[in-house]
Amino acid sequence: MNRPGVYEVEMVKNTFRDLIYDPAFGGGVPGDRPVKAFIPGGVSAPWFGPDQLDLPLGQDEVGGQGSMLRSGSVVVLDDTTCLVRAAWRITKFFSRESCGQCTPCREGSGWIERAMYRLEHGGGRVEDLELLLDLCDNIAPGLTWPPQQTTICVLGPSIPSSVHAAIEMFKGEFLAHVDKQGCPFD
Amino acid sequence: MTETRTSVTVTVNGRAVEAAPGELLIDVAERAGTYIPRFCYHPRMEPVGMCRMCLVEVEGPRGATLQPACYQHVNDGMVVTTDSPKAKKAQEGVLEFLLANHPLDCPVCDKGGECPLQDQTLTHGPGETRFVEEKRHFVKPIEIGPLVLLDRERCIQCARCTRFAAEVAGDTEIAFAGRGDLIEVAPSPEHPFTSVFSGNTVQICPVGALTAKPYRFAARPWDLDQVESTCTQCAVGCRLAVQSSGDRLTRVLGVDSDPVNHGWLCDKGRFTLDAVDGHGGLSDPLDPRARITSPLVRRDGTLVEATWGEALARAAELLRAAGEADGGVGVIGGAALTNESAYAWARVAREVLGTEHVDAQYGDGLDPRRVLALPGATIDDACAARVVLTLCGDPREELPVLFLRLRGALVRPGHDLVELAVGPSALHPLATVSIPVRPGEAHRVVDALLDEGRAPADLALDDDARERARRLLGDGEGVVVVAGRTNLAEDPSVVERALTRLADALPRARFLVALRRGNVRGAIDAGLAPGLRPGRVLAAGGRDTRAQLAALREGVQRAVLVLGDLVGNVIDRPGAEAALERADVVVVTGHGGATLAHADVVLPAAVQHERAGTVTNLEGRVTAVVPKVVAPGAAWPDVAIAAELARALGADLAMDSVVEAARAYESATGYPALSVLLDSTSEGRVAGSPSAPVARRPLDPMAFPGIRSAEWVGLGESAGDRSPPPRWPTSPRPRCPRCPDATPTASR
């Protein structure tokens, strides 16, 4: 963002496009790079693509599209960003955050993190995509919205959001990692 | 007014099941024949819903959702599916997650063959792993205490051990440390895991993470043969499974007996197998750890091996000669015997030797004529009591599993403990009122507590504590007094007077008499007590142990038949040695000991796990003890020794087998024996109490953790690529800040 910061906006009246591009708020993406994806409400939220930029900033509006506004922290990913790396970093955060009480979160977050690391750093396999989605499904059955969970608390279903979204939206980028046996953005 | 339901109907996989409101779904389903896999759930501990293995689909307002069956209380109309594709996938997913970091070193793991993780993987899990990354690694195993080793790689973080320590035993020596997938069971940095209950954590561990030193690499579970028996290390009478490989004892596991031990054992009961084989064959007869394997007779000042015939003849000669004088012979000991053996010895003493001088207690107990006449309470009564009043030693030291049961009751609301604190006690932190009692003053403190008017100033009785105790005790309704010998230095009459006063002042109170020696209650019931004939029939006189030792020293009594190790157990050891030095001494014992330095004849006896019979615990419950191995050398069971010694003295007890002895004991005393002996897996019977039918349970102590055992599973399908996996780059693992190089957090 040209102007990263904390902004008070009126609910529903403004859209994500306003928040990102309005000079009073985010002020646009540095170098005017196109937006590849954005996370509407904290790293536990499923991602949105550029076609959802005109969505109003409202709980129901965002919820209806399969994500959430919750913490209100919007993360914008431009076309220089490796989405695999972004999803890996988010998963790593959750893997450290897991308290370790219940099995799906404790083991699932670590496993997904390590598989994502492997994809990003070479060693990825085509079947890893299916594996990752299935591991996500074992934490948040059905990968529905709002999510179901096999865990005790809602940290569990937060883990799959980014990985699921990244694979759904940017499968080609994952396959490019597999083909190159490393990150094409490096 | 709302109607209180006594029963609800739950639908499990399409079948209607009746249940009590608030019951846990996992139990309701199991009773209805639907087994739900689980790891963390343990029926004797509070559910936590941590492992997530028992996820099932429960219909709710938002449609069917996955809920842990161990954490779900049933309510009326609940509809549950345990085998839907969604539930199955969740269960398989959890198992796959659990195995991701599990080392799969089953071939070298002690748990292999009886491992809930192994078994449930075969029944409920995927056959192949999809995990190609490096598993987490720890230094393994680490000794976390003198008896327990921890392998953190195998741990599945179910928290059974830490919950047992915190919730059941009240120990703080193990707890979780760290977070995420680096969470680990960690011993306290200050205190090694020395809890007297540490072995229970090993038994309830659903994987091989916790292993017990005595059993490590000692056997494979499928090689073991087992019987159900009763522990005779103290008077609680915990039920246990004794396992052996061939004729070698390998392991003892707790068996869940609802009225007694709830499956728990203390480490003394669990790990005393060394004593049975004499610590690998020690042979010095003065060493209390050694087994006596041959009759011994003193010739020219030294004990030499003899035949049974020679030894019995010599013993009979000594006892007969001493018995010619009035009061010249007596019997001391026998609290470690079976009821049948104690009864046989009581008959030898009274009918053959013609003496009333018999005492199973070594002067460390209470007068059974006074304390066992008080209205009795069972362990369950004490746990259900509104108020528990303790006047006894520290139950955790003397009767450990009684402590666990009492603690389990006292931590719940509605139960108060009034403690007459005669010394440090593990129950002290749970006391509502604690009244300090100095040695020798228990009866005066009880008087001051119950009397109207001001308490004598020298007792320093706190008025407020006194008032609160009096209010709690009331007229004794709902009060159970746990009564035992408080102090070996003070006269036993101090406690006896205090108990008599309590019984008078609290007419509705009941008493759980906590005499601590193995089968002391049974020995007293069988007639090994001064002034009490078999069946606790009052008789005239009779010297107790102290009086017998005094009479021996004075030369009034010339001979003594000792059943066990008197010198090693008596309080006044020099006094006992002086007494035995002057006397003719016949010792019947399985183990060596200092008593044998004074023995003229030693008759070798079978010990626990080698003999059949019944025993009576402190509440009066009669259960069976079952032999698992053969007694070493020429050792005989006590019933046989008593019968043969009687024969050598010219009498016939007509008790040439344990069954005959049990039948004779039962008809002489009215206490149950034969029926219990012939049904060794029953919960036993308390004499005088209505005997409720108890559902027979299969003897499967590894299933006691609530996890179904291996018999039910078949080998899973295995398929796929068998080529070695490629080496993948792995992400740098976060390290615990306390142990940056993954060295053990505790290694002693």
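Excluded from the calculations below are hydrogen atoms, water molecules and symmetry mates; all remaining heavy atoms, backbone and side chain alike, are included. None of the values given here were measured: they were computed from a predicted structure. Lettering of chains follows the sequences in order, A, B, ..., and the numbering in each one begins at 1.
Taking B:Glu167 as the reference, nothing meets the salt bridge (charged side-chain N to carboxylate O under 4.0 Å, His left out) condition, with sequence neighbours excluded.
Heavy-atom contacts from other residues, nucleotides or ligands closer than 6.0 Å to CZ of A:Arg3 number more than 12. More than 12 heavy-atom neighbours from other residues, nucleotides or ligands sit within 6.0 angstrom of CG on A:Asp51. Counting heavy-atom neighbours within 6.0 Å of A:Lys171 NZ, excluding the residue itself, gives a total of 12 or less. Heavy-atom contacts from other residues, nucleotides or ligands closer than 6.0 Å to CZ of A:Phe38 number more than 12. The neighbour count for A:Glu130 CD, taken as heavy atoms of other residues, nucleotides or ligands under 6.0 Å away, does not exceed 12.
Between the SG atom in A:Cys99 and the CD1 atom in B:Ile183 there is a gap of 6.5 Å [rounded to 0.5 Å]. With rounding to the nearest 0.5 Å, the separation of CZ in B:Arg179 from OG in A:Ser95 is 10.0 Å. Atom NZ of residue B:Lys86 and atom OG1 of residue A:Thr150 lie 11.0 Å apart, to the nearest 0.5 angstrom. Atom CZ in B:Phe97 sits 6.0 Å away from atom CD1 in A:Ile112 (nearest 0.5 Å). Of the inter-residue distances, the one linking A:Thr103 atom OG1 with B:Asn101 atom CG reads 11.0 Å to the nearest 0.5 angstrom.
The contact between B:Leu55 and chain A is made entirely by side chain atoms (from C-beta outward), counting heavy-atom distances below 4.5 Å. Looking at A:Ser109, there are no atoms closer than 4.5 Å to chain B (heavy atoms on both sides), in backbone or side chain. Looking at B:Ala87, neither its backbone nor its side chain comes within 4.5 Å of chain A, counting heavy atoms on both sides. When heavy atoms are compared at a cutoff of 4.5 Å, A:Pro141 approaches chain B solely by way of its side chain, counted from C-beta outward. At a 4.5 Å heavy-atom cutoff, the contact between A:Gln148 and chain B is made by side-chain atoms alone.
A 4.5 Å side-chain heavy-atom check between B:Glu92 and A:Asn138 finds every atom pair outside the cut-off. At least one side-chain heavy atom of A:Glu107 sits under 4.5 Å from a side-chain heavy atom of B:Gln157.
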Side chain to side chain contact (heavy atoms under 4.5 Å, CB included) evaluation trace for A:Asp128 with B:Arg130: CA-CA 9 Å; A:Asp128 282 335; B:Arg130 297 182 292 175; over 6 Å; no
Audit row: B:Val48, A:Gln101, side chain to side chain contact (heavy atoms under 4.5 Å, CB included) steps and yes/no: CA-CA 10 Å; B:Val48 285; A:Gln101 246 197 95; 5.7 Å; no
CA sep, side-chain torsions, deciding dist, call: B:Glu96, A:Trp111, side chain to side chain contact (heavy atoms under 4.5 Å, CB included): CA-CA 11 Å; B:Glu96 190 183 25; A:Trp111 188 346; 3.5 Å; yes
Pair A:Ile152-B:Arg52, side chain to side chain contact (heavy atoms under 4.5 Å, CB included): steps then yes or no: CA-CA 8 Å; A:Ile152 296 174; B:Arg52 315 305 280 182; 3.2 Å; yes
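Taking all atoms of both residues into account, the shortest heavy-atom contact from A:Asp137 to B:Lys89 is OD2-NZ, 2.7 Å. Taking each heavy atom of B:Val94 and A:Pro104 in turn, the nearest pair found is CG2-CG, 4.1 Å. Here the closest non-hydrogen pair linking A:Arg125 and B:Val132 is NH1-CG1, 3.6 Å.
Ranked by heavy-atom pairs shorter than 4.5 Å toward chain A, the options B:Gly93, B:Cys158, B:Gly180 are led by B:Gly180.
A salt bridge links A:Arg114 to B:Asp181: one of the charged nitrogens lies within less than 4.0 Å of a carboxylate oxygen.
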